[in-house]
Peer 1: 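Provided herewith is a single structure, encoded as structure tokens, for subsequent inquiry.
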Amino acid sequence: MTTDSPLLSVRNIRSGYGPIEALHDISLDVFPGEVVTLLGSNGAGKTTTLMCISGIQPLITGEIWFDGSNISSMPAHERLKLGLAQVPEGRRIFPRLTVKDNLRLGAYSRTNKDEVRTSEEYVYSLFPILRQRASQLGGTLSGGEQQMLAIGRALMSRPRMLLLDEPSMGIAPLLVRKIFETLAQLNQEGMTILLIEQNAHLALKLASRGYVLETGAIILSGDSSLLVADPRVREAYLGA
Ligand code: ATP
């Protein structure tokens, strides 16, 4: 389900690290209610693109618009308040805090305790294992459970859009399945998602559209059904 104006619009951005330009001229749109995936090999610039959107990585030129506002120079915490929540690569949960405290940190900018409690219940309903582990330290969870916690923590800010960086990385297949089923459920409930995922089969199954990055530039984009059929995608990312 899409409407005419994008929720997120990335316009001709360039970004890099010191003298090295990692993104050359990236433009992409994500419409409300869509799941869009970014495909590309290691070092193509996927993570850098996501960090530019969440505000961790500065732009050299170009613009990023979210819900009609130019957020190009807005600090990351303000973008989060606007509803853009990132689930970073490698999960980055707090290993010495309990699961419950990790979740509550995700709601740090919210003041209504009843509403925060409701969000916590919602996260537990999505990932029942987190309720069982609520008083355990984050660091004692398996990789897959930590990924669920990282997604849960992002949801605690009540985002309008989730930015996900490699949610299946290093995770047992059964838990990967659970995580992708939950992402599909979130999307059915209206969540807009931009997804980086090494497993292109999974990514193109969940997403309705995708962009393919190569050395800092988009070389191909389109509906997932077209990308799945494209010989370049099949050869490079689908092992066909
Ligand atoms: P991966 O799947 O390996 O994470 P990616 O597509 O996400 O790859 P990026 O991590 O965005 O790619 O990297 C894009 C380019 O920027 C690469 O050439 C990479 O070496 C470089 N790069 C990334 N992070 C840094 C950094 N902190 N300092 C210097 N160069 C970096």
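Atoms within a ligand are numbered from 1 in the order they appear, just like the ligands themselves.
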Peer 1: Compare every heavy atom of Asp223 with every heavy atom of Arg209, then report the nearest pair and how far apart it is.
Peer 2: CG-OD1, 3.4 Å
Peer 1: Between Glu120 and Arg117, is there a side-chain N and carboxylate O pair less than 4.0 Å apart?
Peer 2: yes
Peer 1: Protein heavy atom under 4.0 angstrom of atom 20 (O) of ligand 1, is there one?
Peer 2: no
Peer 1: What residue pairs, at least two apart or across chains, pass salt bridge (charged side-chain N to carboxylate O under 4.0 Å, His left out) with a residue in residues 174-185?
Peer 2: Arg177-Glu181
Peer 1: Check whether any heavy atom of Gly45 sits under 4.0 Å from an atom of ligand 1.
Peer 2: yes
Peer 1: With side chain to side chain contact (heavy atoms under 4.5 Å, CB included) as the test, pick out the partner of Val36 among Leu8, Leu28, Val30.
Peer 2: Val30
Peer 1: Determine whether a donor-acceptor pair (N or O, by modelled atom type, separation under 3.5 Å) exists between the side chain of Asn70 and the backbone of Ser72.
Peer 2: yes
Peer 1: Need the ligand 1 atom indices (1-based, order shown) with element for anything under 4.0 Å from a heavy-atom of Ala22.
Peer 2: 15 (C), 16 (O)
Peer 1: Among all protein heavy atoms in this structure, tell me which lies nearest to atom 4 (O) of ligand 1, with the distance rounded to 0.1 Å.
Peer 2: Thr47 OG1, 3.5 Å
Peer 1: Please write down residue, atom name and distance for the protein heavy atom closest to atom 9 (P) of ligand 1.
Peer 2: Thr48 OG1, 3.6 Å
Peer 1: Apply side-chain contact (heavy atoms from CB on, under 4.5 Å) to the pair Met191 and Gln185, showing each step before the final yes or no.
Peer 2: CA-CA 9 Å; Met191 182 66 73; Gln185 181 187 342; over 6 Å; no
Peer 1: Distance to 0.1 Å, residue and atom name: give those for the protein heavy atom nearest to atom 23 (C) of ligand 1.
Peer 2: Tyr17 CE1, 3.4 Å
Peer 1: What are the atoms of ligand 1, with element, lying closer than 4.0 Å to any heavy atom of Ala44?
Peer 2: 5 (P), 6 (O), 12 (O)
Peer 1: Do Asp101 and Arg153 sit within salt-bridge range, that is, some charged N less than 4.0 Å from a carboxylate O?
Peer 2: no
Peer 1: Determine, considering heavy atoms only, which of Glu214, Met169, Lys46 sits nearest to atom 6 (O) of ligand 1.
Peer 2: Lys46
Peer 1: Nearest heavy atom to atom 17 (C) of ligand 1 wins, so pick from Ser41, Ser15, Gly43.
Peer 2: Gly43
